[in-house]
Amino acid sequence: MATSAASPVLIVGSGLIGRSWAMLFASGGFRVKLYDIEQQQITDALENIRKDMKLLEQSGSLKGSLSAEQQLSLISGCSNIQEAVEGAMHIQECVPEDLELKKKIFAQLDGIIGDGVILSSSTSCLLPSKLFAGLVHVKQCLVAHPVNPPYYVPLVELVPHPETAPATVDRTYALMQKIGQSPVRVLKEVDGFVLNRLQYAVISEAWRLVQEGTVSPSDLDLVMSHGLGLRYAFMGPLETMHLNAEGMLSYCDRYGESMKRVLKTFGPIPEFSGATVEKVHQAMCVKVPADPEHLAARRQWREKCLMRLANLKSQMPSQ
Ligand code: NAI
């Protein structure tokens with residue numbers, strides 16, 4: 001665990017994702033400075049983090065070995081970017097998903113940082129070659145894409161710019177591990193990174209199956225939540241192949257031809273509009289009406305499930 005004497009982490013943008021990062025870094029014992037252009041956002045973030053940490057502590061789900069009060073004492077707000085950057089060893093950008101805004105902020109930070117700090121973006125889908133183009137400190141830049149809610153879903157995709165120094169990726173990888181996250185290295189940038197490419201492949205075939213009338217929207221979701229998804233919480237598709245035969249070679253030998261036959265029947269990219277979107281929307285609303293209260297309640301339920309799953313995963317021997 002880091003000591004409070006270690007250099008602080010700076011979070012730029014204290015919205016949903018900035019707050020989660022602040023909690024995660026504090027759980028690892030790091031001092032955290034929260035910066036935002038809106039002073040009110042910083043005030044709200046600090047209050048929100050206090051409330052969340054207390055609740056997590058009460059339910060026994062607070063991360064790290066420090067108490068909620070100890071972790072809270074590590075987080076402070078800062079409304080001056082120059083002061084905020086002072087002494088920081090890692091800067092995690094969390095402003096809205098807008099290329100021009102992010103480029104402006106990185107250009108500003110590029111002008112005031114030294115050579116030892118890492119500049120990391122939380123972007124969900126902007127490519128590093130677009131975000132960091134022309135920066136003097138490009139070797140120190142990368143994307144560290146978290147998954148919402150990062151406190152319960154530990155994956156972080158590390159995506160370098162072609163000119164990012166390998167040491168920048170290594171240092172960020174080690175930092176993510178220190179705060180209990182599960183980093184993966186995306187070896188070269190690709191639109192959608194890895195997680196969203198997998199997610200879109202699943203959504204795409206789910207949509208086509210519903211559109212063609214092969215399965216109802218609610219049964220389609222059950223195939224994942226009561227079928228594939230249960231395995232995938234513990235192992236990925238490649239290890240699943242390995243276990244579902246006598247190893248990977250045997251799986252490909254046995255099932256390669258049938259996989260290719262089925263894959264050839266996949267249709268074109270769906271439009272995600274028209275009659276199918278109406279049909280899927282209606283089906284989803286039967287379970288969760290699309291008003292703010294019902295959606296918020298269901299999201300809360302999902303967070304509770306993820307919290308329990310995270311506890312279970314931490315108790316399972318990894319073998
Ligand atoms: P948000 O809208 O909740 O928060 C953005 C914050 O940035 C606000 O507090 C805003 O005041 C602040 N801000 C705006 N301009 C600023 C500036 N010039 N300097 C400093 N602060 C500024 O956004 P959210 O959801 O936290 O997303 C942040 C980033 O994280 C985005 O790039 C998003 O794509 C990414 N992300 C979001 C996920 C999600 O599910 N919300 C999941 C993974 C990544």
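All heavy atoms count here, side chains included; hydrogens, waters and symmetry mates do not. Bear in mind the structure is a predicted one, so any value in this text is a computation, not a measurement. Every number for a ligand or one of its atoms is a count from 1 in the order of the listing. By convention here, the first residue in the shown sequence is residue 1.
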**Message:** Would Phe106 and His137 count as a ring-ring contact (aromatic ring centres under 6.0 Å, His included) here? Give the steps.
**Reply:** CA-CA 10 Å; Phe106 282 118; His137 295 94; over 10 Å; no

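- The protein heavy-atom contact nearest to atom 40 (O) of ligand 1 is Asn148 CB, 3.2 Å.
- In this structure, the separation between SG on Cys94 and CZ on Arg19 is 11.0 Å, given to the nearest 0.5 Å.
- Under a 4.0 Å criterion applied to the non-hydrogen atoms of Thr123, ligand 1 contributes the atoms 32 (O).
- The proximity of Leu126 to ligand 1, defined as any non-hydrogen pair under 4.0 Å, does not occur for either the backbone or the side chain.
- Atom CD of Gln300 sits about 12.0 Å away from atom CG of Leu295, to the nearest 0.5 Å.
- Those atoms of ligand 1 with a heavy atom of Glu38 less than 4.0 angstrom away are 11 (O).
- Atom 23 (O) of ligand 1 is never approached by the protein to below 4.0 angstrom, counting heavy atoms only.
- Counting the atoms of ligand 1 from 1 in the order shown, those under 4.0 Å from a heavy atom of His145 are 43 (C), 44 (C).
- Defined by atom type and a distance below 3.5 Å, a donor-acceptor pair is present between the side-chain atoms of Gln92 and Ser122.
- Atoms of ligand 1 found under 4.0 Å from any heavy atom of Leu101, numbered from 1 in the order shown, are 15 (N), 18 (N).
- For Lys102, the heavy-atom gap to ligand 1 drops under 4.0 angstrom.
- Residues Lys33 and Val9 have side chains not in contact (no heavy-atom distance under 4.5 Å, counting atoms from C-beta outward).
- Side chain to side chain, Thr276 and Trp207 fail the donor-acceptor criterion of an N or O pair below 3.5 Å.
- Of all atoms in ligand 1, listed by their number and element, those nearer than 4.0 Å to a heavy atom of Gln41 are 8 (C), 9 (O), 11 (O).
- Using a 4.0 Å cut-off between charged side-chain N and carboxylate O, Arg208 and Glu205 make a salt bridge.
- Closest to atom 15 (N) of ligand 1 among all protein heavy atoms lies Ile37 CD1, 3.5 Å.
- Of the protein's heavy atoms, Pro96 CG, 4.3 Å lies nearest to atom 2 (O) of ligand 1.
- Among all protein heavy atoms, the one lying closest to atom 31 (C) of ligand 1 is Val95 O, 3.3 Å.
- Residue-ligand proximity, Ser122 to ligand 1, at heavy-atom distances under 4.0 Å covers atoms 30 (O), 35 (C), 36 (N), 44 (C).
- With salt bridges taken as basic N to acidic carboxylate O contacts below 4.0 Å, none links Lys63 and Glu57.
- In this structure, atom 36 (N) of ligand 1 lies nearest to the protein heavy atom Ser124 OG, 3.3 Å.
- The pair Asp110-Lys103 does not count as a salt bridge, with every side-chain nitrogen at least 4.0 angstrom from each carboxylate oxygen.
- In terms of protein heavy atoms, atom 11 (O) of ligand 1 is closest to Asp36 OD1, 2.7 Å.
- When non-hydrogen atoms are compared, ligand 1 lies under 4.0 Å from the side chain of Ile105 (C-beta onward) but not from its backbone.
- The nearest heavy-atom contact from the protein to atom 4 (O) of ligand 1 is Gly15 CA, 3.3 Å.
- The nearest heavy-atom contact from the protein to atom 3 (O) of ligand 1 is Leu16 N, 3.1 Å.
- For a threshold of 3.5 Å applied to N or O pairs, the pair formed by Ile17 and ligand 1 contains at least one separation below that value.
- For the pair Leu135 and Cys141, the minimum side-chain heavy-atom distance is below 4.5 Å.
- Counting only N and O atoms by type, the side chains of Gln40 and Asp44 include a donor and acceptor under 3.5 Å apart.
- Proximity of Lys104 to ligand 1, defined as any heavy-atom pair under 4.0 Å, is not found for any part of the residue.
- We find that Glu293 and Arg298 are not joined by a salt bridge, their nearest charged nitrogen and carboxylate oxygen being 4.0 Å or further apart.
- Residue contacts with ligand 1 do not include Val147, since none of its heavy atoms lies under 4.0 Å from the ligand.
- Close approach of ligand 1 to Ser14 is summarised as follows: ligand atoms under 4.0 Å from at least one heavy atom of the residue are 9 (O).
- Considering backbone and side-chain atoms together, Glu97 places an N or O closer than 3.5 Å to an N or O of ligand 1.
- For ligand 1 and Cys94, the ligand atoms under 4.0 Å from any heavy atom of the residue are 5 (C), 6 (C), 7 (O), 28 (C).
- The pair Lys139-Glu163 does not meet the salt-bridge criterion, since no charged nitrogen lies less than 4.0 angstrom from a carboxylate oxygen.
- Gln140 CD to Leu119 CG: the interatomic distance, rounded to the nearest 0.5 Å, is 7.0 Å.
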